[in-house]
Each structure stands twice: as C-alpha cells, then as structure tokens.
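Below is one structure, written out as structure tokens, with a few remarks after it.
Residue numbering restarts at 1 for every chain, and letters A, B, ... go by the order of the sequence lines.
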Amino acid sequence: MKDKNRFVEKITPKSSDFSRWYVEVIRKAELADYAPMKGMMVIRPYGYAIWENIKSLLDKRIKETGHKNAYFPLFIPESLLKKETEHLEGFSPEVAWVTHGGDDELEERLAVRPTSEAIIGNMYSKWINSYRDLPVLINQWANIVRWEKVTRPFLRTAEFLWQEGHTAHETQKEAEEETQKMLSVYKEFVESELAISVISGLKSEREKFAGASATYCVEALMSDKKALQMGTSHFLGQHFSRVFDIKFEDRNQKLQYVWQTSWGVSTRMVGALVMAHGDDSGLCFPPRVAPLQVIIVPISIGEWKQNVLPVAENIRQSLDQKGFRVELDAREQFTPGWKFSEWEMKGVPLRLEIGPRDIKNNNAVLVRRDNRNKQVVSQDELENKIQEILSHIQKDMFDKSLKFREDNTHEVEKYQDFESIMKSKMGFIKAFWCGNPDCETKIKEDTKATIRAVVSEKEKGKCVCCGKDAGFLVYFAKAY
RNA sequence: CGGGGCGUAGCGCAGUUUGGUAGCGCACAGCGUUCGGGACGCUGGGGUCGUGGGUUCGAAUCCCACCGUCCCGACCA
C-alpha cells in the first residue's frame, strides 16, 4: 500500500529512460512548463531563478572584460538579413516572419531575430568612423526566435533567452584575441559556477556558424554520454563588415573594414545543469547558481511545535542576512520525510534539519544533496559550516564532472574501435582527423557522431577514418 | 519535414476492440490523529474526454482534418 503510493510520486529513474526523466524532472521541480504553442515553454520562477543567477554571474564577467550592455530591436527587416547570403541561408528555415502590422500588410516583412549580427552590423556602420572609435565591445541580453522542428525544454525551444556579444576591432589579431578571450570566459564560467567540466576548441567547417570565419565552442558531456554545446565564440573576420559596410579610417588614413566577433550562451545552460548533475532522485544544483542553497526542514512533533519553529525561523533569518539563499519549509501538511524527498528532487544543495533532539543540544543537522552526507553541527557555528560545506559541494560536483568526462573520453586509433565505442559506451572519442569533410560525413553516417571540437591543429597522427596523415586532434561525440 | 506512439480532473492512468449519458489512484479542500526518510481515518470539490467538422436517435468510443507532446530519422544555441 505504502509502496504503491511512493511509486506514484516518484519520477522515472534516470537510468531507465533518460528522456522521460529529463522532461518529468523539469515539470515536477517546476523549472518550466509547456506553453500551448509548439516548441514554446514557460520558465517558471524556480527555473527562472537559475537563469537569473547565471545571468548575474556571467554578466559580471562580461563587464569585467570590458564589455557594455545595450539593447537592439527584436525585428530585423528582410532586406538587412538578406544582405549576407551565407548567413541568411544558414538561418532561413527557422526564421519567423512578421507580415502584418494591425490589419495592414507590411511593405517589407520583418524577421523576428534568429541572432542579431545583421541589425547590429547595420548600426555599427553608422557608429564607427575612425580607429579612435574602436574597439566596440557590446553585449546584449535578449530573446531569440528560431522555428525549430524538434524541440526539448531548455535544450532547443522556439524562443529562448541568451546573451550575445558583438565586437568590432581595428586588427585581425585583436579580434582573434577577443574570440579566444570570450571562449575562456565561458569555459571558466561553466566550470567554476556550473561545476560542469568542458572541452573547448574549434568547430569544423561543417559545424561552424553561418557566416563566421571560425567558430569556437565549449562542449560538455551530459550524463547520458551525449555532448551538449554550452557556448560559442565566433571570429567573424571582415565578413559582416564588408556586407554591412562597417568601415573606419585607420592610423594611416586608409579606409578599412573592421574585424568582428560574436559570442553567446543561452538558457540551454539550465538544461545542461539538469542533465549533467541530476540523478534518480531528481535535480542537483551546484550552490553557486542554485535558486535555493539551504532548505530548513523543522521536525516539530507534539508539544515541541511551539519550540522548534521559532528557532528554525531565527536560523533562517540569520542565514538570509548573511547572504545565503535560504527558505524555511514550515508547511504543516507534509511530514519531514516527504519534504526531504521533495527538496532533493528540486536539487537544493544543502538541507538543514532541526528538531527537539537538536534543540536540546543546541545543534542542527546538515545533509548534502550531492552525496547525502549528514553531519551534526552546533548552532553557534552554522554559518561557517554551511559556507564551508557549500564550497565543498561546489568543488566536489566539479571534480565528479571532470572525472566523468575523463572516464568517458576514449582515445581511439582504429575505425572499428570508433564504431563499437559509439555504439555501446558513447561519450567523447578523441582521435586524429585528416581534415577531409568526406571522412567527417562518413563518420556521421556510420555512427551518428560529429566533430564537437578540434583541440589541436599541430599534432601528427593517422586519420581514424581514412588512415591518411592527419594534423587535427579532435573530439567526436553524439550531440544534442 | 518523413515514420511511429500518445492526448480522458493538477499528475499518472482505466474505459475506445463491441457507440448508451465518465471512473480509479495520487494531488486538492474541511475536521481529527500524526511528524528524525515520501503518515492515516472520515467527509467533500473538481471533467466542453486536445480542437473543429462528419456519421448516428445517441460519440471519450466510428470517420476526416487540425493542434500539441514523446520516440526514431533529415536540420540546428
């Protein structure tokens, strides 16, 4: 009887059906819900809080590296988008068009931005005249619409939130350095705040951004051993500046086109947190971005009811004042056990239990979400202990992610091994590639794996596919 | 966008084969007993059966179209 009830409440185990687990945990933890339009979701308060934390931490890093925020229009005239053909061809299948204003048909239809290179390029051509105007270092936080055919909450939705940086520079070298700089900002951000270990590198021609000279990325391995791109940084060369006529007079009084970059990360990050850290009990958030860092569960039995709650509330207040994200779950209709499971499912890093036993001894019990370790702590040293444990959780979660990535990265020389690993173990395959797109295509057709990142172009080896001399060391994986 | 599955109360489902006026568990509300790992009893509220059309005396059930969602392929942050 009790077992049956428990079964109904529980989510599908991650190990038995990853996709189903993913969708269930997102809905049950109230991160997001489906909207009535295809491929669109509502990000609920608990999910949005993670995005807000990501946003404020990343925004700080973006500003520290010299960028300023601005906002450009949601709509882009078709003629502007059409100026760059490669770019348009890359995006046209997924552009949403506005054709009417009120009842009147527009003379020129407007694209709902699938990305903002075109509108920003157009404005930069007005703003940039001299080398003295450079560099231009602008970032915007915005929503993006791409009419995707296959969607999944957070990972690929028709509308998503992101940050897109767009910079213009005097020299190629400076723009290339900017591209690398932002790539490393992303890598450090994902690893230190999201506690997800990533690889970074260059995209192949086939995988790169439409219109870019070079696309770099950070890629992580999710716990089903498929790869997820978590951020991109593009070196755009003078591609867009020629198209949008972004010219400046250089130090020798010659007219030049600017060198550009663009880079972005999106709400996909939230999906990555779910898939990288979650387990059969639900979500598990790293403390740095967790919506709640500490949940206080009072054990208030019988006559202790009057005594436990005030103490719990005092603890909540003092932790709150110290800047911890903390809540007290004082709901009477649920038992402590129920609350334990509930908050574990919602991924709160640390649970604080306080009951009659603890109050007698001036203690509290702290339980970690990531490894369930339990310890009794004196109420007098709660703050320090919690601070310490939270930082341990952050570190341990990253170490676990790093180990997972390393354990699931396979160095392969023979094509036969490549195929069998992709069929069974999955994960990253680190191998040599000759650079021929035909090999890339064959590998994709045979195994569904794609090149996630080129990590070195100077190594010497034999192509895992054709066996010819190869200069590229690359990571392959099945990707989201 | 192709191939397949699903859509019935907030969630999970039964009912559809064989048409006859909608049900179960959980959740929710009230009262009481409980509370250190998903408590229990009694009482109660909640449904245009995804949407629109058709067949029929009568449709959750049969037919058509559309929408949404999930899985597998082709395309992508």
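Contacts of A:Val365 with the nucleic acid, taken as non-hydrogen atoms under 4.0 Å apart, include base atoms. In this structure, A:Gly264 reaches neither bases nor backbone, as no heavy-atom distance under 4.0 Å exists between it and the strands shown. Contacts of A:Gly271 with the nucleic acid, taken as non-hydrogen atoms under 4.0 Å apart, are absent.
Atom pair A:Met345:CE and B:G37:P shows a separation of 19 Å (rounding to whole Å applied). Look at CH2 on A:Trp338: it is 13 Å from P on B:G38, rounded to the nearest Å. To the nearest angstrom, C1' of B:C26 lies 15 Å from CD of A:Gln333. The CD atom of A:Glu332 sits 14 Å away from the P atom of B:C28 (whole-angstrom rounding). Taking atom NZ on A:Lys38 and atom P on B:U51, their separation rounds to 20 Å, with Å as the unit. A:Ile295 has its CD1 atom 17 Å from the P atom of B:G37, to the nearest Å. As a whole-Å value, the separation of A:Asn307 CG from B:C35 P is 16 Å. Between the P atom of B:G37 and the NZ atom of A:Lys339 lies a distance of 14 Å, rounded to the nearest Å.
Using N1 to N3 plus N6-O4 or O6-N4 for Watson-Crick, or N1-O2 and O6-N3 for G-U wobble, each under 3.5 Å, B:G2 pairs with B:C72. Pair check for B:A65 finds B:U51; Watson-Crick or G-U wobble, both atom distances under 3.5 Å. Across all strands shown, B:A59 remains unpaired; no Watson-Crick or G-U wobble contact has both distances below 3.5 Å. Base pairing annotation: B:G44 forms a Watson-Crick or G-U wobble pair with B:C28, both donor-acceptor distances under 3.5 Å. In a base pair of the Watson-Crick type (N1 to N3 plus N6-O4 or O6-N4) or a G-U wobble (N1-O2 and O6-N3), with each distance short of 3.5 Å, B:G19 is matched with no nucleotide.
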message: Let's go through A:Ser241 and A:Gln260 carefully: what are the C-alpha distance in whole Å and the side-chain angles of both, what is the deciding distance for side-chain hydrogen bond (donor to acceptor under 3.5 Å, both in side chains) to 0.1 Å, and is it a yes or a no?
response: CA-CA 7 Å; A:Ser241 62; A:Gln260 288 181 278; 4.6 Å; no

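Scanning atom types as modelled, no donor and acceptor separated by under 3.5 angstrom connect the side chain of A:Arg27 and the base of B:G10.
A:Trp433 and A:Phe472 have tilted rings, their planes meeting at an angle from 30° to 60° on a 0 to 90° scale. Ring orientation note: the planes of A:Trp259 and A:Phe235 are close to parallel, at an angle under 30° on the 30°/60° scale. Aromatic ring pairs are classed by plane angle as parallel below 30°, tilted from 30° to 60° and perpendicular above 60°; the pair A:Phe244 and A:Phe240 is parallel.
Comparing B:C35 with B:C11, their P atoms are spaced 33 Å from each other, to the whole Å. Here the separation of B:C70 from B:G54, taken at their C1' atoms, is 29 Å to the nearest Å. Comparing B:C67 with B:A77, their P atoms are spaced 26 Å from each other, to the whole Å. Spacing between B:G20 and B:U16 at atom C1', rounded to whole Å, works out to 14 Å. One C1' atom belongs to B:A14, the other to B:A74, and the distance between them is 38 Å to the nearest Å. Rounded to a whole angstrom, the distance from the P atom of B:U55 to that of B:A59 is 11 Å. A gap of 15 Å separates the P atoms of B:G19 and B:C57, to the nearest Å. Between the C1' atoms of B:G25 and B:U21, the separation comes to 24 Å (whole Å).
Look at A:Lys203 and A:Glu219 and you find a salt bridge, because one of the NZ, NE, NH1 or NH2 atoms lies within 4.0 Å of a carboxylate O, short of that distance. With salt bridges taken as basic N to acidic carboxylate O contacts below 4.0 Å, none links A:Lys444 and A:Glu440. Using a cut-off of 4.0 Å between Lys/Arg side-chain N and Asp/Glu carboxylate O, A:Glu177 and A:Lys181 are scored as not salt-bridged.
The 5' end of RNA chain B is approached more closely, in terms of each residue's nearest nucleotide, by A:Ser341 than by the other of A:Ser341 and A:Gly39. Place A:Glu344 and A:Ala35 on RNA chain B by their nearest nucleotides, and A:Glu344 ends up nearer the 5' end.
Distances shorter than 4.0 Å separate none of the side-chain N or O atoms of A:Ser300 from OP1 or OP2 on B:C35.
A:Ser116 and A:Glu164 share a donor-acceptor pair across their side chains, judged by distance under 3.5 Å alone.
Not one N or O on the side chain of A:Thr99 forms a donor-acceptor pair closer than 3.5 Å with the backbone of A:Arg109.
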- prompt: Once each nucleotide of nucleotides 70-77 of chain B is scored for protein heavy atoms under 4.0 Å, what B/S/- sequence comes out, 5' to 3'?
  reply: SS-BBSBB

